[in-house]
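Throughout, residue positions are numbered sequentially from 1 according to the sequence presented. Atoms within a ligand are numbered from 1 in the order they appear, just like the ligands themselves. As the structure is a prediction and not an experimental result, all values here were calculated from the model.
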Amino acid sequence: MRNAYVDQFPTEARVIKAAFWSSFIALAIGGSLGLVQALHRTDVFRFLESPDYYTVLTAHGVLLAISFTIFFLVGVFTWAVTTSLDRGVEDIRFTWGWYAMMVVGTVLVGVTIFAGFLEEPPVVLGSELYADVLFTFYAPLQAHPFFYIGLVLFVVGSWLAGVDWFRTWWAWRSENPDERIPLPTFMVLTTTLFWYICTLGVALSILVFLLPWSLGLVDSVNPLLTRTLFWYFGHAVVYFWLMPTYILWYTMLPKFSGGKLFSDPLARVVFVLFLLLSTPLGIHHQYLDPGIAEGFKFIAMTNTMFLLLPSLLTAFTVVASMEHGARQRGGEGYVGWLTALPWRDPIFTGMALAGLMFAAAGFSGMINAGMNINYLVHNTWWVVGHFHLTVGTAVALTFMAAAYWFIPQLTGKELWNRSVALGQVLLWFIGMTFMSNAMHRSGLFGMPRRTAEPQYQGFEFEPAVGTVGEINAQVALGAVLLTVSLALFLLNMVMTSFNETSDAIPDNTFAGTLSGPEDSPAILDNLALWTAIAVVLVIFAYTLPLASIIDGGGLFGSGIDGFQLGIETGRALVLESIREVVP
Ligand code: HAS
Ligand code: CU
């Protein structure tokens, strides 16, 4: 008898499938725009006007960093909770409700951003539809109110998804009062808790400052305050993307490797540490912001260094589990076991390569996190290299590899083509190696990020090794390989959905454990305790910086007009200021 997810939870499978397809659509559009901007920036092929670059960049960032990741993860979380508790959601209409809210939010945000391409964007609510504000949408950049309203709908949708997971767990707990929380559900709940904590910052920023400002209800905002509130959320959001990846590495990858999870207790410790430490360190994105005292930056740096610990523990646990799998498969020797892993399986290989790249990403993260060395790399292409290894590979490649397992689970149809899938994950790895390595290197000699025209007039970059042309060529080549890989992924997904249903779908089960929940102290499951400590840490880390920012610049700043991105607006501003000096 087939025992796939769709056989166990047919109604939930439909919502998860819808969430995954929403994620794939965002990936398709956002990914294609990535190619457009890589070719434009490197001057390999241009068909846009440079001001439109920022519209492309905003759409690329929002669709991939927000929509692709979060639509996929709400699917993963719903699957993890229902499978591990062995019960469906409490009310499927509620589940469809939050999903629909996220879709409406995304569409509103998307339409507002894409209206930026029109010569004359339509006027709604008294202002032009427009949102060239990048995915880090803090002031003074200003978007049309629809952009902010869409984001609010999307985030509230994700909050309700959290309520859904908690409700399922509460219902399970009332029937199983003495049991340990199953590991996958434990991971989802701790992640949801820090998501609630960190999104409060962005909700505050939007509802109190950015939206009223964009509606013309208040004249001005304090840009540093909106930046700080953004980064209060903007760092933790990266772990919101990462935690579903970790869930898959902990609870599935050991099985795909042929073995068991090394330690359930260690995994619980890791997720508790993320709950505690994901939020009180967003200021590490603001080391160069004037207006924040060095001492506060130092505290953020210290917390960041502590937060390396759960990822280092993860590296150990996940690799140890893979080694266990390899030895079950007959692998031998200190490193020889690596050859016994199932490298022909695209699901395993995709996740393992994603993990391997994350090891490199961790190093560039550590470099970012050092206050003094951050001055070298901040706002350069280095940072873009860093996050294409983290969210663009550790997360995205794991999700794609997992989709090869999930889509058959959700549809009962066999994957269309495993060889294409294997080629796809390899191609992503190779493409990203070219692109991110070149980006990292270019950052070291100051090549700026977030610009269509990196080569300023009359300024020659001087790489220590290689040339600017060679770096651009590698980025463009990498981007092309990534696009081909993306197309192959989508092709496989579409073709799979046209496949016949099959009886050969593997059972929907998690990896076993070598050391199970019975070995872990019960206090680890005390979610209320960890949440309380997490809130206290946030209060410690943020009260004084926020007070000093408000003290220095006012709650609403003074006379900060909205600013629109684009080469032309930039030029106009420069010309205006020159005219003021030279009448
Ligand atoms: Fe970051 C900037 C610091 C992790 C994403 N980061 C960014 C931005 C993004 C981002 C999007 O301190 C740019 C935002 C913007 O637009 O300005 N980051 C860190 C640190 C970590 C880190 C310390 N980042 C992430 C993750 C992300 C992400 C995860 C997304 C998912 N990052 C920074 C800083 C900045 C920054 C500064 C600001 C820079 C600036 O100046 O603007 C750490 O969490 C990293 C810890 C990771 C490790 C690696 C452990 C290794 C593992 C692999 C195991 C291997 C396996 C496979 C499973 C210590 C777990 C084995 C395979 C075999 C074959 C054996
Ligand atoms: Cu960060």
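In this pair, H40 and Y53 present their aromatic rings tilted. The plane angle is within the 30 to 60° band. Between F154 and F71, the two ring planes are perpendicular [angle over 60°; tilted spans 30° to 60°]. Classified by interplanar angle (parallel below 30°, tilted 30° to 60°, perpendicular above 60°), the ring pair W195/F233 is tilted. Between F399 and F72, the angle of the ring planes stays under 30°, which puts this pair in the parallel group of the 30/60° scheme.
Among protein heavy atoms, atom 14 (C) of ligand 1 sits closest to W231 CH2, 3.6 Å. Protein heavy atom nearest atom 61 (C) of ligand 1, with residue, atom name and distance: V319 CG2, 3.8 Å. Residue, atom and distance of the protein heavy atom nearest to atom 53 (C) of ligand 1 are G355 O, 3.3 Å. Nearest protein heavy-atom contact of atom 63 (C) of ligand 1 is M322 CE, 3.8 Å. Scanning all protein heavy atoms for the shortest distance to atom 47 (C) of ligand 1 gives G362 CA, 3.4 Å. Looking from atom 38 (C) of ligand 1 to the surrounding protein, the closest heavy atom is H285 ND1, 3.5 Å. Looking from atom 58 (C) of ligand 1 to the surrounding protein, the closest heavy atom is V318 CG1, 3.4 Å. Shortest contact from atom 50 (C) of ligand 1 to any protein heavy atom: S311 O, 3.6 Å.
For R449, a nitrogen or oxygen atom sits less than 3.5 Å from a nitrogen or oxygen atom of ligand 1, counting backbone and side chain alike. On a distance-only criterion, N374 and ligand 1 share at least one N/O pair closer than 3.5 Å.
With respect to F274, the ring-ring contact (aromatic ring centres under 6.0 Å, His included) criterion is satisfied by exactly one of Y239, F194, F240: Y239. Between L151 and the options I206, T106, L210, a side chain to side chain contact (heavy atoms under 4.5 Å, CB included) holds for only I206.
Close contacts between ligand 1 and R450 involve ligand atoms 16 (O), 17 (O) [criterion: under 4.0 Å to a heavy atom]. Listed by number with element, the atoms of ligand 1 under 4.0 Å from a non-hydrogen atom of Y239 are 21 (C), 43 (C), 44 (O). Listed by number with element, the atoms of ligand 1 under 4.0 Å from a non-hydrogen atom of A369 are 12 (O), 37 (C). Numbered from 1 in the order shown, with element, the atoms of ligand 1 that lie under 4.0 Å from a heavy atom of T304 read 23 (C). Each of the atoms 16 (O) of ligand 1 lies under 4.0 Å from some heavy atom of F135. Short contacts between ligand 1 and H378, defined as distances under 4.0 Å to a heavy atom of the residue, involve ligand atoms 40 (C), 41 (O), 42 (O). Those atoms of ligand 1 with a heavy atom of M366 less than 4.0 angstrom away are 59 (C). Near W343, the atoms of ligand 1 lying under 4.0 angstrom from a non-hydrogen atom of the residue are 64 (C).
Below the 2.8 Å limit, atom 1 (Fe) of ligand 1 has as protein N, O or S neighbours H386 NE2.
An angle of 100° is found at the Cu ion (ligand 2) between H285 atom NE2 and H284 atom NE2, rounded to 10°.
Residue W241 touches ligand 1 through its side chain alone, judged by heavy-atom distances below 4.0 Å. Using a 4.0 Å cut-off between heavy atoms, F348 makes no contact with ligand 1 at all. Proximity of L307 to ligand 1, defined as any heavy-atom pair under 4.0 Å, is not found for any part of the residue. Contacts of V391 with ligand 1, taken as heavy-atom pairs under 4.0 Å, involve both backbone and side chain. At a 4.0 Å heavy-atom cut-off, ligand 1 does not touch M357 at all.
Taking the ring centroids of Y287 and Y375, they lie at or beyond the 6.0 Å cut-off. In this structure, F296 has its ring center at least 6.0 angstrom away from the ring center of Y542.
Proximity of a side-chain donor or acceptor of S364 to a complementary backbone N or O of A361 within less than 3.5 Å is detected. No donor-acceptor distance shorter than 3.5 angstrom exists from the side chain of T483 to the backbone of L35, with no hydrogens or angles considered. Put simply, the side chain of R449 never gets that close to the backbone of V384: no donor and acceptor are under 3.5 Å apart. A donor-acceptor pair under 3.5 Å is absent between the side-chain atoms of D264 and the main chain of S515, judged by distance alone. The backbone N or O of G162 sits nowhere less than 3.5 Å from a side-chain atom of T192 that would complete a donor-acceptor pair.
W381 carries R41 over the face of its six-membered ring, with the cationic atom under 6.0 Å from the centre and within 45° of the normal. Taking the ring centre of Y404 as origin, the terminal cationic atom of R418 falls outside the region bounded by 6.0 Å and 45° from the ring axis.
H284 and H235 share a donor-acceptor pair across their side chains, judged by distance under 3.5 Å alone. With 3.5 Å as the limit, one finds no donor-acceptor pair spanning the side chains of W382 and S442. For the residue pair T314 and Y250, a side-chain donor N or O sits within less than 3.5 Å of a side-chain acceptor on the partner.
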Mind running side chain to side chain donor-acceptor pair (under 3.5 Å) on Y130 and T55 for me, showing each step along the way? CA-CA 9 Å; Y130 163 93; T55 313; over 6 Å; no
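The heavy atom nearest to atom 51 (C) of ligand 1, considering only A352, G443, A315, is found in A315.
Residue-level check: among N/O/S atoms of H235, ND1 sits closest to the Cu ion (ligand 2).
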